[in-house]
Amino acid sequence: MRADVQNLFIGIHMLYHAHERDLTVSEMQPELERHGYKVGDREVKNELERLTQENFLTAHGDAYSLTGAGIEEFKELQSKLKELCNEGLKPVNAKKADTMA
């Protein structure tokens with residue numbers, strides 16, 4: 001997976017988990033690895049800081065929590081993901097794919 005796409009998915013995972021509870025780097029890294037991402041502490045910290053700079057998370061000590069803007073962003077992402085899943089998870093029509101090649 002391309003790094004930019006992976007970072008998008010990681011950000012979405014972080015917003016989801018922040019919606020559930022406060023996040024820490026030490027908790028998020030194994031959670032992301034459980035989902036198949038190969039990330040170190042530094043990458044996790046950088047993404048948490050990016051989400052904080054965008055006002056989606058707020059930092060307090062070692063923990064990060066979801067802001068009002070983060071909740072709104074997460075709701076919008078949920079809507080777009082639902083639409084994308086409805087379209088993107090349909091079986092690929094092999095005949096159509098062959099004619100496009």
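Quantities reported herein were computed from a predicted structural model and do not represent experimental measurements.
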Exercise. Quick one: does Asn7's side chain get under 4.5 Å of Glu43's, heavy atoms only?
Worked result: no

Seminar exercise, completed: dist Arg50:CZ -> Leu57:CG (nearest 0.5 Å) comes out at 9.5 Å

For this session: May I ask you to check whether Tyr16 and Gln78 show a side-chain donor-acceptor distance below 3.5 Å?
Result: no

Exercise. Are Val5 and Leu84 joined in one hydrophobic group, where the rule is that I, L, V, M, F, W and Y side chains link up if heavy atoms are under 4.5 Å apart?
Worked result: no

For this session: Indicate, with yes or no, if Phe9 and Leu15 share a hydrophobic cluster defined by side-chain heavy-atom contacts under 4.5 Å among Ile, Leu, Val, Met, Phe, Trp and Tyr.
Result: yes

Exercise. Will you find, in the side chains of Glu33 and Gln29, an N or O donor that is under 3.5 Å from an N or O acceptor?
Worked result: yes

Problem set entry | Distance (rounded to the nearest 0.5 Å) between Glu73 CD and His19 NE2 | 13.5 Å

Seminar exercise, completed: Output for pair (Leu23 CG, Asp62 CG), nearest 0.5 Å, gives 12.5 Å

For this session: First locate atom OH of Tyr64, then atom CD of Glu27, and finally report the distance between them rounded to the nearest 0.5 Å.
Result: 12.5 Å

Problem set entry | More than 12 heavy atoms of other groups within 6.0 Å of Glu20 CD | yes

Exercise. Backbone N or O of Thr58 within a donor-acceptor pair of the Thr52 side chain at under 3.5 Å?
Worked result: no

Seminar exercise, completed: Applying ring-ring contact (aromatic ring centres under 6.0 Å, His included) to His13 and not counting sequence neighbours gives His35, Tyr37

Exercise. Phe56 and Ile71: same hydrophobic cluster, using ILVMFWY side-chain contacts below 4.5 Å?
Worked result: yes

Exercise. Do you reckon Leu8 sits in the same ILVMFWY cluster as Leu48, going by side-chain contacts under 4.5 Å, direct or chained?
Worked result: no

Problem set entry | CA sep, side-chain torsions, deciding dist, call: Ile10, Met28, side chain to side chain contact (heavy atoms under 4.5 Å, CB included) | CA-CA 10 Å; Ile10 287 172; Met28 271 317 299; over 6 Å; no

For this session: Please answer whether the main-chain N or O of Leu51 pairs with a side-chain N or O of Glu54 as donor and acceptor at a distance below 3.5 Å.
Result: no

Exercise. Under 4.5 Å between any side-chain heavy atoms of Lys82 and Asn86, yes or no?
Worked result: yes

For this session: Compare every heavy atom of Glu47 with every heavy atom of Gly11, then report the nearest pair and how far apart it is.
Result: CA-OE2, 3.5 Å

